[in-house]
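One structure below.
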Amino acid sequence: MVRTPSLNPEHPIPIAVLVGAGPGDLGLFTIAGSRALSFAAVVIYDALANPDLLAFCSSDAELIYVGKRARQHTLTQPEINALLVKKCRECMLRPDYPNRCVVRLKGGDPFVFGRGGEEAQALAQAQIPFQIIPGITAGIAGPAYAGIPVTHRDFTSTVTFITGHPQDESSGKSPGADAGDEVANVNYPALAKLGGTLVFYMGVKNLPDITQRLIAYGLNADTPAAVVRMATYPEQQTITGTVKTIAQLAQKAGIKAPAITIIGKVVSVRDQINWFETRPLFGQTILVTRTRQQASQLGDQLRDLGAKVIEAPTIEIAKPTDRKAALAAVQSMGDYDCVVFTSANGVDSAHQAMIALDMDARDFTACVAAIGPATANALEAIGIIPEIVSPDAVSEELAVELISYFGRADHAKETETATLDLSGYRFLLLRAEIARPSLVEMLRNAGATVDDVPIYQTRIPESLPENAIEALQNGAVNWITFTSASTAKNLFTMLPENLRLAVGKCNRLSIGPTTSRALAELGWPATLEARHHDIPGMVAAMVDQTPPSVGPRAS
Ligand code: SAH
């Protein structure tokens, strides 16, 4: 009998959690799943679970891969069950138990061709409390992302999920030890008679056999069919045909696992509602060069438009050389009339210093100023609303704002900004180690006392991430984005000669004239310069430039 999971009242979740990873797109992962991963002391995961999900784990989690790997022993299902039970027992002995759990992370849904049933049985037998968190199965997500509704009032009211794994006729069992192997005993005559929508998992290799059987047992050979590979990923590829032609078409297109095959009249609806593969940047691979934090803002927008984004940080934010002085300055912020931030990085670094000093937003007694909206947003994100924000991220503009704000408060008379007097006012600037001097000079010329304290320094990272190097080497990158002259110069410094040549062959998108000049000097002239020199401007420029026919669109 399956044991009901008994929740320790102090324990957030049962010791073992079988989590469905969904089909790939991170946005389709459940909130419950991400919560379980954040508690995980151990994660046992398969090849089909998107490895990016592991970012939800804490850094001390033990990550155990049990999927197939070339030239390496693959664990059998009983071995995986035993490992799961063993890790749960170990976890219960940890000092941080009951606040930790063991997550078994499986592609799609754990109970749909995932052998999750057997793993839950093994846990029940070992009297280990467990929980099941379903995931969106590939047989639902694949058709949805290919623009194929699995049911439709005009076409069918049944949908059948079937394993297409080759059958072992003698035993009725499927050979191999794939996590997805189930007992494959499929009643093809019944399927051919039922028709409706048929969704085959694991059927790529076996597609000729599957389709021949269906036709032999009476399914109309002209029934529409589709194969969706790497569903929900930016690499998604869809082939359409009929039951008669689909096996050959898939083979010709070189379709490999993982792929879902959909057979039924509903496939024809794709012509009208193929939404995913028709997004403006679908099929484009874009290398985004920036700091990791900033890269995600641009990266997210490009991903939303369908691009495959590879982040290649070319600037690293590091602690300042004189860390003590930075901490002392943050601690004494209350002694100043105004604390000035000139970048989101400065805000992040000050925030980290505040955490180290056990301070929070309430310790901000001084007036706060920010250069431009991005810095203001970074402040708001940590609970600080700046009183003064310059319209653009330009030092001189911010100086004028500050002078007019404080000067007016002091003299309350209508005078030219430049003649306003700031004597007696103390400003603290928390900036980069190498920052332009104009802001300090303008404030001092107006009579203010200014402490300009480096709160961080920028460095060139040692190397690019593996996937970025690989994509450049393989000529797989369509666009590289440059958001400042330093992203260009640093990328050049970080790359060996052969990859510099590879960059020369990609399209290069520049944020504006200064960056374009730097690119030209490096021998990488910008292919395109954004008309509006900001992130939305860059995104718009790329969308305008990408012809609708580019990428693996509707087949
Ligand atoms: N438990 C999983 C299925 C595991 S069986 C689920 O619920 O989705 C493995 C098969 O799932 C693959 O052979 C393939 O048919 C299908 N599959 C999984 N992820 C897929 C994806 N992103 N795109 C297409 N098919 C996928």
Side-chain angles (χ1 to χ4, degrees), residues 17-30 33 44-53 66-68 74 77 80 103-120 132-148 150 159-167 174-184 186 197-207 209-211 225-240 246-247 250 253-263 267 270 276-277 282 308 552 555:
V17 192
L18 266 60
V19 179
D25 181 341
L26 296 186
L28 299 179
F29 190 51
T30 60
I44 303 173
Y45 67 104
D46 283 337
L48 280 176
N50 186 340
D52 290 348
L53 290 174
V66 294
K68 278 186 183 162
T74 307
Q77 191 58 47
I80 293 174
V103 166
R104 174 72 175 108
L105 185 65
K106 303 169 79 72
D109 181 89
F111 280 2
V112 180
F113 304 123
R115 304 192 77 164
E118 290 157 70
E119 292 175 13
I132 312 292
I133 299 177
I136 299 183
T137 186
I140 292 291
Y145 273 54
I148 300 169
V150 286
V159 50
T160 312
F161 297 104
I162 310 133
T163 169
H165 204 275
Q167 296 181 82
S174 54
D178 192 341
D181 285 355
E182 304 281 331
V183 177
V186 177
T197 304
L198 307 177
V199 180
F200 285 90
Y201 291 69
M202 297 171 279
V204 181
K205 266 203 214 127
N206 205 24
L207 207 51
D209 185 46
I210 291 170
T211 48
V227 178
V228 190
R229 177 171 194 267
M230 289 296 280
T232 78
Y233 284 94
E235 296 89 348
Q236 177 173 308
Q237 191 183 357
T238 304
I239 304 290
T240 54
I246 195 73
I255 298 278
K256 291 195 189 81
I260 282 286
T261 303
I262 306 125
I263 295 173
V267 171
R270 171 175 158 86
F276 183 73
E277 294 162 31
F282 185 77
K308 177 185 165 90
S555 52

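No experiment lies behind these values; they were computed from the predicted model shown. Numbering of ligands and ligand atoms starts at 1, following listing order.
Taking every heavy atom of Asp109 and a limit of under 4.0 angstrom, the matching atoms of ligand 1 come to 1 (N), 6 (C), 7 (O). Listed by atom number, the atoms of ligand 1 under 4.0 Å from Val228 heavy atoms are 24 (C). Those atoms of ligand 1 with a heavy atom of Thr137 less than 4.0 angstrom away are 6 (C), 7 (O), 8 (O). Remark: ligand 1 atoms within the under-4.0 Å shell around heavy atoms of Val112 are 1 (N), 2 (C), 3 (C), 6 (C), 7 (O).
Any N or O atom pair closer than 3.5 Å counts here, and Ile136 shares no such pair with ligand 1. An N or O contact shorter than 3.5 Å links Ala259 to ligand 1 by distance. Checked by distance only, ligand 1 and Ala231 come closer than 3.5 Å through their nitrogen or oxygen atoms.
The heavy atom nearest to atom 12 (C) of ligand 1, considering only Met202, Lys205, Lys106, His165, is found in Met202.
Proximity of Gly142 to ligand 1 is not established, as no heavy-atom distance is less than 4.0 Å. Within the structure, the closest approach of Gly107 to ligand 1 falls below 4.0 Å when heavy atoms are considered. Put simply, no part of Thr232 is less than 4.0 Å from ligand 1, judged by heavy atoms.
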Applying side-chain contact (heavy atoms from CB on, under 4.5 Å), run through Leu26 and Leu53 and close with a yes or a no.
CA-CA 7 Å; Leu26 296 186; Leu53 290 174; 3.5 Å; yes

Might you work through the side chain to side chain donor-acceptor pair (under 3.5 Å) test for Glu277 and Gln237, ending with a clear yes or no?
CA-CA 8 Å; Glu277 294 162 31; Gln237 191 183 357; over 6 Å; no

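Side-chain contact check for Arg270 versus Thr238: some heavy-atom pair is nearer than 4.5 Å. At a threshold of 4.5 Å between non-hydrogen side-chain atoms, the residues Val228 and Gln236 count as touching.
Listed by chain and residue number, Leu207, Pro208, Thr211 satisfy the side-chain contact (heavy atoms from CB on, under 4.5 Å) test with Ala247 (two or more places apart in sequence, or in another chain).
Of the candidates Phe29, Tyr233, Tyr45, Asn50 forms a side-chain contact (heavy atoms from CB on, under 4.5 Å) with just one, namely Tyr233.
Closest approach of Pro23 to Ala141, counting heavy atoms only: CG-CB, 3.4 Å. Heavy-atom minimum distance, Ala225 versus Ile263: CB-CG1, 4.0 Å.
Residue Ala257 does not touch ligand 1, judged by heavy-atom distances below 4.0 Å.
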